[in-house]
Amino acid sequence: MIKILILLTWLTIFIIIVAGTYKIQNLISDFKAKGKDEKAEDLQTSQNWFYALIVIASICGIGVLYLFLKGTIYESHFFEWLNLTVRLIHITFGIAWIGASFYFVFLENALNRTENVRDELAGNLWAVHGGGFYYVEKYKLAPKKIPKHLHWFKYEAYFTWLSGFCLLSIVYYFNASSYLIDPEVLDILPSTAIAISVASLIIGWILYDQICKRLSNNKVVFTMAITVLVFLFAWFYAQVFSGRAAYIHFGAFLGTLMAANVFFIIIPGQKRMVAAAKKGLLPDPADGKAAGLRSYTNNYFTLPVLFVMISNHFPSTFGNTYQWIVLIGITLGTAGVKHYLNLREKGQLSIWVMPISVLLLFGMAFMTAPTPPKYENCQEMVSFIDVQTIINNRCTVCHSSNPTDAIWKVAPNGVKYDTAEQIYNLKDKIFQRVVVSKNMPFNNNQTGMTQEERDMINCWINQGAPK
């Protein structure tokens, strides 16, 4: 009965919000038709809040649905599709946001600033794309008259962060004991781990924001301070969470800085600039300068964040003994590649940035390479039957057509070891996960695979993996 009341309450609230959204939209259309653009613009802010309420209500609706499915055979299927849906939303908005970041930094770097540029302009650019020619102008401060239709680039950032945090909750908070915590790293309660996760994002933003406000006048000191901050959080996450979770939290940390830059600095500054221009006043150059700084740091964070988004598929990185050093190395290497591309867009050339970045990335690949096997206990040949027995006992709980695991009701990533052929075809993946990174079996070695069994698989691979 309580569940039904909750459902009816949610439906009522959701209908009211949607009806209110349509009502405000009709009022905005009426004001625009009557030429009352200022009133229409004032109502647009309210409309944006109603859109936000729709998003919040939709998330609450998912929670209501979960109440009805919890404890049923559909619970795991619910989380499977919830994970899929939120992940797709996150990737879609992330592509839009990072694409916009790449484009506008390119635009800034590639502007013509000298040839036939009017005094009021900072530069212009001709471009061709999709069969059409485009001409873009950038003003030093603002045009004399602000156009009615002014596009704002902000929702890509907001929805990327919101969907990312939802995904973090679905995968790592709801299954904290399996995904977030590794007792061999730090044995803590799930509630404690989640609290540390959320607090780290808030503290990270505060520290970063203060660095930007206090040290940005000195480019060298500013860059060093940001680098130290990034190093600190990479190391910290590796001391608290499982390897997989440490990498994802590092990405969440950088993503939070990027989204907070948009929400707290870039958009408010742009709103002040637009408001000043509408009143016929000169916008404060400090707003443009602050927004430019935050946009550039966001641009350098993009490639490290993209790496983290795919890192969970490569356990040799987060499963390494010195995982945080690997994370820092890849972060510096990818940021270096972005710096080289930015220099190229400006028409500048640096002969050392790209080679050093590539060497650093190669160094991380070398660092994560598997160590040669120890043959003391492998004097005899290991047969395929021995390996198949280990896989059947330790891995098919999850990786089979009919998993018996409490969490996984479908084989993760479609990987199955039901047949000898499936095991043999996936021997390289088994080697990486069982021998190199040792992050399988999942959930902190829940099936109790021994080191002797890992050594047997290691020897079997290095003996040529005989059938």
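This structure is a prediction, so every number in the text was calculated from the model and none was measured. Atoms considered below: every heavy atom in the structure, side chains included; atoms not considered: hydrogens, waters and symmetry mates.
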Side chain [X], main chain [Y], donor-acceptor under 3.5 Å:
| X | Y | value |
| --- | --- | --- |
| T331 | P304 | no |
| N261 | L257 | yes |
| S197 | A193 | no |
| K3 | L67 | yes |
| Q422 | D418 | yes |

Nearest-0.5 Å distance, [atom1] of residue [X] to [atom2] of residue [Y]:
| X | Y | atom1 | atom2 | value |
| --- | --- | --- | --- | --- |
| T389 | N393 | OG1 | CG | 6.5 Å |
| N425 | K416 | CG | NZ | 14.0 Å |
| L254 | L303 | CG | CG | 11.5 Å |
| Q463 | N458 | CD | CG | 9.5 Å |
| L341 | F106 | CG | CZ | 12.0 Å |
| F253 | L201 | CZ | CG | 9.0 Å |

Heavy atoms only: give me the nearest [X]-[Y] pair and the separation to one decimal.
| X | Y | value |
| --- | --- | --- |
| A176 | P190 | CB-CB, 3.7 Å |
| W161 | G255 | CD1-O, 3.8 Å |
| I59 | C166 | CD1-SG, 4.2 Å |
| C212 | L293 | O-CD2, 4.1 Å |
| Y237 | H249 | CE1-O, 3.5 Å |
| I181 | I188 | CD1-O, 3.2 Å |

Exercise for the section: Could you tell me how the ring of F318 sits relative to the ring of Y247: parallel (under 30°), tilted (30 to 60°) or perpendicular (over 60°)? Expected result: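 Rings of F318 and Y247: perpendicular, as their planes differ by over 60°.
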Practice task
Hey, can you tell me if Y155 and Y158 have their rings parallel, tilted or perpendicular (30° and 60° cut-offs)?
Solution key: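 Aromatic pair Y155/Y158 classed perpendicular.
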Taking [atom1] in [X] as the centre, count heavy atoms belonging to other residues, nucleotides or ligands within less than 6.0 Å. Is the count above 12?
| X | atom1 | value |
| --- | --- | --- |
| E452 | CD | no |
| E184 | CD | no |
| F68 | CZ | yes |
| E421 | CD | no |
| R454 | CZ | yes |
| Y322 | OH | no |
| L5 | CG | yes |

Are the side chains of [X] and [Y] in touch, meaning some heavy atoms are under 4.5 Å apart?
| X | Y | value |
| --- | --- | --- |
| I461 | V435 | no |
| F222 | T297 | yes |
| M449 | V434 | yes |
| C395 | T447 | no |
| I196 | F236 | yes |
| F102 | N299 | yes |
| V55 | F159 | yes |
| V262 | Q270 | no |

Pair [X]-[Y], side-chain donor/acceptor within less than 3.5 Å:
| X | Y | answer |
| --- | --- | --- |
| D428 | Q432 | no |
| K346 | N342 | no |
| Y340 | S357 | no |
| N298 | S101 | no |

Handout entry: Six-ring centre of F78, K70 cation under 6.0 angstrom, axis tolerance 45°
Key =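 Judged by the rule, K70 and F78 form no cation-pi pair.
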Handout entry: Geometric cation-pi criterion K427 and Y424, 6.0 Å radius, 45° cone
Key =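 Yes - K427 lies over the ring of Y424, closer than 6.0 Å to its centre and within 45° of its axis.
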Under 6.0 Å between ring centres, would you say that holds for [X] and [Y]?
| X | Y | answer |
| --- | --- | --- |
| F104 | F153 | yes |
| F79 | Y66 | yes |
| F233 | F250 | no |
| F264 | W205 | yes |

Exercise for the section: Mind running side chain to side chain contact (heavy atoms under 4.5 Å, CB included) on I226 and Y300 for me, showing each step along the way? Expected result: CA-CA 11 Å; I226 294 294; Y300 281 97; over 6 Å; no
Exercise for the section: Step by step, work out the side chain to side chain contact (heavy atoms under 4.5 Å, CB included) result for M354 and V337. Expected result: CA-CA 6 Å; M354 181 60 84; V337 170; 4.1 Å; yes
Do any side-chain atoms of residues 83-100 form donor-acceptor pairs under 3.5 angstrom with protein atoms, and if so which ones, sequence neighbours left out?
residue, atom, partner, partner atom, Å
N83, OD1, R87, NE, 3.1
N83, OD1, R87, NH2, 3.0
T85, OG1, W81, O, 2.8
H90, ND1, T160, O, 3.0
H90, ND1, S163, OG, 3.2
H90, ND1, G164, N, 3.3
T92, OG1, L88, O, 2.7

Handout entry: Candidate pair W10 and F14, rule ring pair (Phe, Tyr, Trp, His ring centres under 6.0 Å), full reasoning
Key = CA-CA 6 Å; W10 174 80; F14 189 76; 5.2 Å; yes
Practice task
List the steps, then state whether side chain to side chain contact (heavy atoms under 4.5 Å, CB included) holds for D386 with W460.
Solution key: CA-CA 9 Å; D386 294 329; W460 175 69; over 6 Å; no
Exercise for the section: Salt-bridge test for D287 and K271: reply yes if a basic N is under 4.0 Å from a carboxylate O, no otherwise. Expected result: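 K271 and D287: not salt-bridged.
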Practice task
Any chance you could lay out the side chain to side chain contact (heavy atoms under 4.5 Å, CB included) test for M367 and N320, step after step, and finish with the verdict?
Solution key: CA-CA 9 Å; M367 182 176 175; N320 189 272; 4.2 Å; yes
